[in-house]
Amino acid sequence: MSTAVHTPTVAATRAELAAVLEQRDGDVVLVPTMGALHEGHASLVRRARERAGTDGSVVVSIFVNPLQFGPGEDLDRYPRTFDADLDVCGREGADVVFAPAVDEVYPDGVPTADATDRVTVDPGSLASQLEGAIRPGHFRGVLTVVAKLFGLVRPDAAIFGEKDYQQLVLIRRLVADLCYSGRRGPLEIIGAPTDRESDGLARSSRNRYLDDEERFRAAALSRVLYAARTDAEYGPTAALTAARAELRSATGVDLDYLEIRAADLSELPAEVPPGTRARALIAARVGGIRLIDNVALTLGVPATGGDN
Ligand code: PAF
């Protein structure tokens, strides 16, 4: 971890952001976040720093986006830890922290999920599967705010964690399908491997809600995914069977979904060519806290570990 002390410039308005970015040369690399930054976010900022180089600029956005939370979700209790977040950004070498208020991002008010008088991003049919089947409207909210951030920051690259893998796939589609580009060339979307605790639990802002017992139980999610990886050489059905067997030995884990999908999240046939890249994905509640995780698989060949 970098120890250099550095204070990022904080921009709270569109005008302040434009003014600070106007003075900068080099590539602009964006790390979009909802704050409550943990070591996983810190690694994204470090990655952004490397990508931007000494000439470029790293912008971290901190914005809890109401449009991606459904009724009854944790928008009001989502952790807000701005001072600590600023320390993380400074320590990891961010140049600018963009932390707008809700009415700066949505000056005409936050659109409702079914708003027909406003322009929002239609994320397509993948957005109603997996996470989207449990959280209707979530990805419309995510892609709409990410599109706004791209419009305001105009980054040359943006970094997203693979932990929110479906989000990453949809953002890549957003950029390809709506032809986004950066200030100096194509907009590069960088997926960063999931950062994990020593027992395999994927780092998440929501982990802080888990009590000791729940925290212990939550490690089962990654064990289930690693079981799928171990048997991935025998194909997707065997991988899923192994994952389900591991899940049966877990206690206090209330499953939303457990699936093996192609790397682009399309459905897989039962038989696939050796070397097919895939993803095992899980979502479950542990003590009422909803957690998601996923790992990369290579089907039909012996497992050699993985990138997360
Ligand atoms: O992954 C997140 O933290 C959010 O979904 C994002 C991309 C910052 C959009 O609000």
Side-chain angles (χ1 to χ4, degrees), residues 11 17 29-45 47-48 58-70 73-82 84-85 88-89 92 94 96-106 110-111 113 120-121 123 126-127 130-132 134-153 155 157-175 178 180 187-195 202-209 281 283 289-294 308:
L17 178 69
V29 183
L30 173 65
V31 185
T33 80
M34 297 205 301
L37 303 186
H38 49 68
E39 179 50 33
H41 293 109
S43 70
L44 300 184
V45 182
R47 184 95 183 250
V58 173
V59 179
V60 178
S61 63
I62 297 180
F63 180 65
V64 182
N65 172 34
L67 191 58
Q68 69 189 74
F69 289 78
E73 291 188 353
D74 58 349
L75 172 61
D76 292 336
R77 57 187 285 259
Y78 197 84
R80 281 141 170 108
T81 58
F82 183 74
D85 294 348
V88 173
C89 292
E92 303 303 343
V96 181
V97 170
F98 179 46
V102 171
D103 59 4
E104 194 66 29
V105 176
Y106 297 105
V110 180
T120 57
V121 176
L126 174 58
L130 299 166
E131 278 304 281
I134 314 280
R135 308 183 67 189
H138 171 66
F139 289 114
R140 176 184 297 277
V142 170
L143 293 200
T144 299
V145 82
V146 168
K148 281 173 172 274
L149 291 169
F150 287 169
L152 292 169
V153 178
I159 302 192
F160 297 86
E162 287 184 351
K163 179 177 159 289
D164 294 299
Y165 188 75
Q166 188 176 6
Q167 167 174 287
L168 174 62
V169 168
L170 285 166
I171 288 167
R172 288 193 195 282
R173 286 194 186 179
L174 169 79
V175 169
L178 299 188
Y180 275 90
L187 168 52
E188 181 189 3
I189 300 299
I190 301 169
T194 301
D195 206 64
R203 288 189 209 272
S204 162
S205 301
R206 291 187 171 101
N207 291 354
R208 68 188 71 196
Y209 297 138
L281 305 106
I289 307 305
R290 192 160 184 284
L291 302 172
I292 62 172
D293 197 359
N294 69 88
N308 65 351

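Counting begins at 1 with the first residue of the sequence. Just so you know, ligand 1 is whichever comes first in the structure, and atom 1 is the first atom listed for that ligand.
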Going through the checks in order, is the side-chain contact (heavy atoms from CB on, under 4.5 Å) test met by I171 and F150?
CA-CA 11 Å; I171 288 167; F150 287 169; 4.3 Å; yes
side-chain contact (heavy atoms from CB on, under 4.5 Å), that's the test. Do V105 and V110 meet it? Break it down for me.
CA-CA 9 Å; V105 176; V110 180; over 6 Å; no
Worked verdict on N65 versus Y106 for side chain to side chain donor-acceptor pair (under 3.5 Å):
CA-CA 10 Å; N65 172 34; Y106 297 105; 2.6 Å; yes
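Neither the backbone nor the side chain of I171 comes within 4.0 Å of ligand 1, counting heavy atoms alone.
Residue-ligand proximity, T33 to ligand 1, at heavy-atom distances under 4.0 Å covers atoms 8 (C). Atoms of ligand 1 found under 4.0 Å from any heavy atom of V145 (numbered from 1 in listed order, with element): 9 (C), 10 (O). Ligand 1 places these atoms under 4.0 Å from at least one heavy atom of P32: 8 (C).
Looking at atom 3 (O) of ligand 1, its nearest protein heavy atom turns out to be M34 CG, 3.6 Å. Looking only at heavy atoms of the protein, atom 5 (O) of ligand 1 is closest to Q167 OE1, 2.7 Å.
Of all non-hydrogen atoms in V121 and A147, the two that sit nearest each other are CG2-CB, 4.0 Å.
Within the 4.5 Å cutoff, the side chain of M34 has heavy atoms near those of the F69 side chain.
Taking Q166 as the reference, nothing meets the side chain to side chain donor-acceptor pair (under 3.5 Å) condition, with sequence neighbours excluded.
Taking only nitrogen or oxygen atoms, main chain and side chain alike, Q68 reaches within less than 3.5 Å of ligand 1.
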